Amino acid sequence: MSAPTVDLGKLHGGLRLQAYKVESTAAPVVDAPVPPLLILPLIQHTGSAAQPIVKIGQHVLGGELLATHDGALGAAIHASSSGSVIAIEPRPVSRMQGDMMPCIIIATDGKDEFQDATKFRHEPSDLAAADIFKKISEGGIVGLGGAVYPTAAKLRQAKNGPLQHLILNGVECEPYISCDDMLMQAQASDIVGGAKILLHALQINSCFIVIESDKPRAHKQLALAIKESGDERLVLKQVPTIYPSGAEDQLVQLVTGREVPSGELPTDVGCLVQNVGTAAAVERWIRHGEPLTSRITTISGDGVRSPLNVRARLGTPVADLIGCAGGYSERAKRLIIGGAMTGKAMSTDAIPLVKATNCILVLSDNGGAGDELPCIRCGDCADVCPVQLLPQQLHWYGIAENENQLRKHGLIDCIECGCCDFVCPSHIPLTGQFRHFKSELRELEYERARAARSQQRFDARSTRLRLEKLERERDLTAQKDVARNVGADAIRAILERSEKKSRPDKSSGEE
Ligand code: SF4
Ligand code: SF4
């Protein structure tokens, strides 16, 4: 990668990185073949696992609902081709870096038959906002930029706030990844259609579709689609190609000049950010009746023979997709899911393509930047941090397990972009450390919340027992009173009876 430079534009820090996208964008998107086996994890999203509604041996059509969610944060899962459900069992998945997670396994029948989509099509203007949110949830749609947050939940939350702008994120600033660029070129009208549906559901009148300055073909297609739509609420905006300008908070600042305060969300400053792929998925489901069963993904790096972008069915094994890129080259050493800056290294290619998989990267180097050395306090990491944190301080406080200082220095605001790692001359794996420290803080918070809940339960139980005891004591006193009264009444009755007996019976007439 080229030497980084500090950006002097609106954003603090960031890096200008070599793109490595020429090869994968040279040809149009290729349709990946239907694989013999589809492996569909029950968690492909933020939230809880989807609940299977199919049985082993059941035949399913493409688009058919396989697993649903119970109203908690989650997303539905649909079959991505026709075939038979042969197992529901744990398989390695990328979310867990190759660890196992329950998956629905479908043996495809080669017919690739899909359910009748006409039953699910709607004219968006006929639907109320609440119906659109419900439909989006039923379509299994999640944020396709990588966060995979259930879209319906994000829209509902946004609608409750002071929302003004929808921002469609086409800023794909991480090296190697080009799936959004190809989507914008091939499906610009779907993105525009999705934007209009989202504006209708959110009941706002402003949408920015944002793209980097180095994507002229995508820009041309989007400009054309916006013009054809005649919708003046849609504005195409270009931003400079600087990593990580596609991160949500940074994008909001670039487009609107609004800064998202620490600990808050873009919606708190009136902006909702959605990936361009998510908007296209909304259009395909609402207007065309196609639930989320496939996505475009980039297969790239010097560890594959022919880098390209493929449209593949969710559940397709990564090993099969590597085949679409001509297979591994002799130099292949490292498999990464995601980009070079934020992706996760995998130990196996038996993992499936999921909703979050925007890139399958195979590199020739082994990932070691060099031996780790002590921090020399050069400050380079702070210069490039887009969140204006002090990574070297976080490094020291993390090692010292100083929770208060980690919080005070904004660890929780770290977006794990990897810029600090990239420039550190001491090769300190800062981002990995911060990810670890953040999960420890979250665990501490969770433990504290759990302890607080236990204490509340204990207090509630003690209060209940005390009240029950008081109640019992009150009952006992009342019973004694009753007994005393009953006893007095009984004695009175006996006395009255005996008095009665001792009096002469006047009715007998005897004197
Ligand atoms: S870049 Fe590395 S060596 Fe320099 S201050 Fe940051 S952590 Fe220390
Ligand atoms: S990984 Fe975190 S600390 Fe490092 S540059 Fe990115 S936001 Fe800043």
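Computed from a predicted model, the values in this text were never measured in an experiment.
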Arg442 and Glu445: CA distance, side-chain angles, deciding distance, salt bridge (Lys or Arg N to Asp or Glu O under 4.0 Å) verdict = CA-CA 5 Å; Arg442 275 196 289 267; Glu445 263 165 35; over 6 Å; no
Show your working on side chain to side chain donor-acceptor pair (under 3.5 Å) between Tyr20 and Asp302 and close with a plain yes or no.
-> CA-CA 10 Å; Tyr20 298 103; Asp302 58 357; over 6 Å; no
Please check if the side chain of Ser81 supplies one atom and the backbone of Thr108 the other of a donor-acceptor pair under 3.5 Å.
->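 Checking the backbone N and O of Thr108 against the side chain of Ser81, no donor-acceptor pair under 3.5 Å is found.
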Check for a donor-acceptor pair, side chain of Lys111 on one end and backbone N or O of Gly83 on the other, with a separation under 3.5 Å.
->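 Looks like no, no N/O pair under 3.5 Å.
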Check step by step if side chain to side chain contact (heavy atoms under 4.5 Å, CB included) holds for Glu259 and Asp249.
-> CA-CA 7 Å; Glu259 209 168 311; Asp249 294 0; over 6 Å; no
Ser294 and Arg311: side chain donor to acceptor below 3.5 Å |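 Indeed, the side chains of Ser294 and Arg311 share at least one donor-acceptor pair under 3.5 Å.
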With no hydrogens and no angle check, do the side chains of His59 and Asp109 hold a donor and an acceptor under 3.5 Å apart?
->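 There is such a pair (donor and acceptor under 3.5 Å, judged by atom type) between the side chains of His59 and Asp109.
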Steps toward side chain to side chain contact (heavy atoms under 4.5 Å, CB included) verdict (Ile167, Leu251) = CA-CA 9 Å; Ile167 298 178; Leu251 190 64; 3.7 Å; yes
Are Thr357 and Ile351 side-chain neighbours, meaning at least one heavy-atom pair lies under 4.5 Å?
->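 Result no, sub-4.5 Å side-chain heavy-atom pair not found.
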Measuring from Gln274:CD to Tyr149:OH, what's the distance to the nearest 0.5 Å?
->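 Going from CD on Gln274 over to OH on Tyr149, the span is 11.0 Å.
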Would you mind checking if Glu283 and Lys196 are paired as a salt bridge, meaning a charged N to carboxylate O distance below 4.0 Å?
->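 Looking at Lys196 and Glu283, the cut-off is not met.
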Should Arg91 and Ile105 be marked as a side chain to side chain contact (heavy atoms under 4.5 Å, CB included) after you check the CA-CA gap, both sets of side-chain angles, and the distance that decides it?
-> CA-CA 9 Å; Arg91 292 285 180 109; Ile105 319 293; 3.7 Å; yes
Can Asn309 and Ile299 be said to form a side chain to side chain contact (heavy atoms under 4.5 Å, CB included), step by step?
-> CA-CA 6 Å; Asn309 274 278; Ile299 308 170; over 6 Å; no
Side chain to side chain donor-acceptor pair (under 3.5 Å) between His219 and Ser213, worked out = CA-CA 9 Å; His219 186 274; Ser213 49; over 6 Å; no
Of the non-hydrogen atoms in Thr316 and Leu38, which two are nearest, and what is the gap between them?
->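 Closest approach of Thr316 to Leu38: N-CD2, 4.0 Å.
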Exercise: identify the closest heavy-atom pair between Ser82 and Glu113 =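 In terms of heavy atoms, the two residues are closest at OG-N, 2.9 Å.
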Qualifying residue, where the test is side-chain hydrogen bond (donor to acceptor under 3.5 Å, both in side chains) with Ser24 and the options are Ser300, Ser178, Ser306 =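 The option that passes is Ser178.
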Should the ring pair His165 and Phe208 be called parallel, tilted or perpendicular, given that the plane angle runs from 0 to 90° and is split at 30 and 60?
->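 Tilted: the ring planes of His165 and Phe208 meet at 30° to 60°.
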